[in-house]
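A short worksheet on the structure shown next.
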Amino acid sequence: MKLPYLLSSVFELFFPNPCLGCGKPLRSNTEVLCLICDSKIIVTPFHLHPTNYITEKFIGRAKIHFGTAMTLFAKHGIMQHLLHQLKYKNKKEIGIYLGEKYGKILFIQNEYSKVDCIVPVPLHDKKKEKRGYNQSEYFAIGLSNMLKKPVLSSGLVRLNLKDSQTKKRRLDRWKNVESDFDCLNETELENKHVLLVDDVLTTGATLDSCITILNQIKGVKVSIATIAVVMN
């Protein structure tokens, strides 16, 4: 047995990698969730239907080609726990894990496999610098690994640094993101089918603003995918 492998095995024995869902030891340091926690992530059927809760949410507001969300958001559920760690606890591997899990499903859906690129909803530079990363970008990376499409992290930029959306009321969310985004390199996206991705869809205000900007670019077609959606 090679020494590095032996040392790795000993390390895993005394310092097991915890499941990011329940905290119990995992079998390998390459895993993120145990089988029990993974089974608690119930995938929606939205991707199977061209018209669904997500697409209907944007009717009369913003033009999208397809729309889907991986799972439903429930307070105190496993997805709330995972999203909190992804967003605030530097657990970027959760974003990649969820993206790859959902990407495998979307890959067999012909329309989602036809997108040209994946664009994450951006954070303002100052917020990204403070947090150290954009959580939606890691979901995009996971999707990219399965869909084999490039992630264009600079596809959109956020112009204004504003308060968090998390505890805002519906109307305040809309006011908070109005005219908040821009595209600095339109030629990069011209005539492309863009998959716009975010972590959670609540009122849709943020995505709506991004979609509006993207739809102004020549020949662009926009579809959206989020990790979770809040049903209201």
Side-chain angles (χ1 to χ4, degrees), residues 43-72 95-123 128 133-159 177-229:
V43 177
T44 74
F46 295 149
H47 61 285
L48 298 173
H49 307 285
T51 301
N52 57 56
Y53 178 80
I54 306 299
T55 58
E56 289 181 347
K57 200 172 183 68
F58 289 91
I59 291 177
R61 289 168 35 178
K63 182 181 178 182
I64 61 172
H65 192 58
F66 289 103
T68 189
M70 181 179 182
T71 188
L72 305 182
I96 296 175
Y97 179 86
L98 295 174
E100 290 182 344
K101 181 180 176 70
Y102 201 35
K104 290 178 183 177
I105 296 170
L106 296 184
F107 183 76
I108 62 176
Q109 291 302 117
N110 199 32
E111 294 300 331
Y112 286 96
S113 66
K114 287 181 179 178
V115 299
D116 296 304
C117 59
I118 304 170
V119 174
V121 170
L123 293 178
K128 185 175 180 180
Y133 60 97
N134 175 4
Q135 71 278 0
S136 297
E137 186 174 346
Y138 283 86
F139 179 56
I141 291 171
L143 289 171
S144 173
N145 291 343
M146 297 296 108
L147 296 177
K148 307 303 180 186
K149 305 296 180 179
V151 176
L152 302 182
S153 298
S154 59
L156 289 171
V157 294
R158 190 152 196 166
L159 302 175
V177 296
E178 188 176 4
S179 303
D180 206 17
F181 299 91
D182 199 4
C183 178
L184 301 183
N185 187 6
E186 293 188 8
T187 57
E188 185 180 41
L189 297 174
E190 282 184 358
N191 301 309
K192 286 185 168 59
H193 185 176
V194 175
L195 182 62
L196 178 67
V197 303
D198 203 2
D199 52 358
V200 182
L201 168 59
T202 49
T203 64
T206 299
L207 283 167
D208 185 62
S209 296
C210 292
I211 295 164
T212 299
I213 295 298
L214 290 171
N215 278 332
Q216 294 172 12
I217 302 171
K218 177 184 175 183
V220 161
K221 184 164 59 176
V222 183
S223 292
I224 60 174
T226 65
I227 297 174
V229 59

Side chains of [X] and [Y]: closer than 4.5 Å at any heavy-atom pair?
| X | Y | value |
| --- | --- | --- |
| Glu188 | Cys117 | no |
| Leu72 | Tyr53 | no |
| Leu189 | Val119 | yes |
| Arg158 | Leu123 | no |
| Leu147 | Leu195 | yes |

* **Of Leu143, Asp199, Ile227, Thr71, the residue whose pairing with Leu98 passes side chain to side chain contact (heavy atoms under 4.5 Å, CB included)** => Ile227
* Structure fact -> side chain to side chain contact (heavy atoms under 4.5 Å, CB included) with Val121: of Ile224, Leu207, Val197, only one passes, and it is Leu207
* Asked: Do Thr226 and Asp198 have a side chain donor and acceptor closer than 3.5 Å?
  ->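 Result is no, nothing qualifies.
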* Asked: Would you say the side-chain atoms of Thr68 and Tyr102 include a donor-acceptor pair closer than 3.5 Å?
  ->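 Looking only at side-chain atoms, Tyr102 and Thr68 do form a donor-acceptor pair, the distance falling under 3.5 Å.
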With distance as the sole test, does [X] use its side chain to make a donor-acceptor pair with the main-chain N or O of [Y] at under 3.5 Å?
| X | Y | value |
| --- | --- | --- |
| Asn52 | Phe46 | yes |
| Ser136 | Pro120 | no |
| Asp116 | His193 | yes |
| Thr212 | Asp208 | yes |
| Lys57 | Thr202 | yes |

* Can you check side-chain contact (heavy atoms from CB on, under 4.5 Å) on Lys128 and Glu137, steps first, answer last? -> CA-CA 11 Å; Lys128 185 175 180 180; Glu137 186 174 346; 3.4 Å; yes
* To do: Kindly give the heavy-atom pair with the smallest separation between Cys210 and Pro122, and that separation in Å.
  =>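 Minimum heavy-atom separation between Cys210 and Pro122: SG-CD, 4.5 Å.
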* To do: Work out which heavy atom in Ile217 is nearest to a heavy atom in Glu190; give both atom names and the distance.
  =>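 Closest approach of Ile217 to Glu190: CG2-CG, 3.9 Å.
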* Step by step, would you call Leu196 with Leu156 a side-chain contact (heavy atoms from CB on, under 4.5 Å)? -> CA-CA 10 Å; Leu196 178 67; Leu156 289 171; 4.0 Å; yes
* To do: Could you give me the CA-CA distance, side-chain angles and deciding distance for Glu56 and Thr51, then say whether side-chain contact (heavy atoms from CB on, under 4.5 Å) is met?
  => CA-CA 7 Å; Glu56 289 181 347; Thr51 301; 3.6 Å; yes
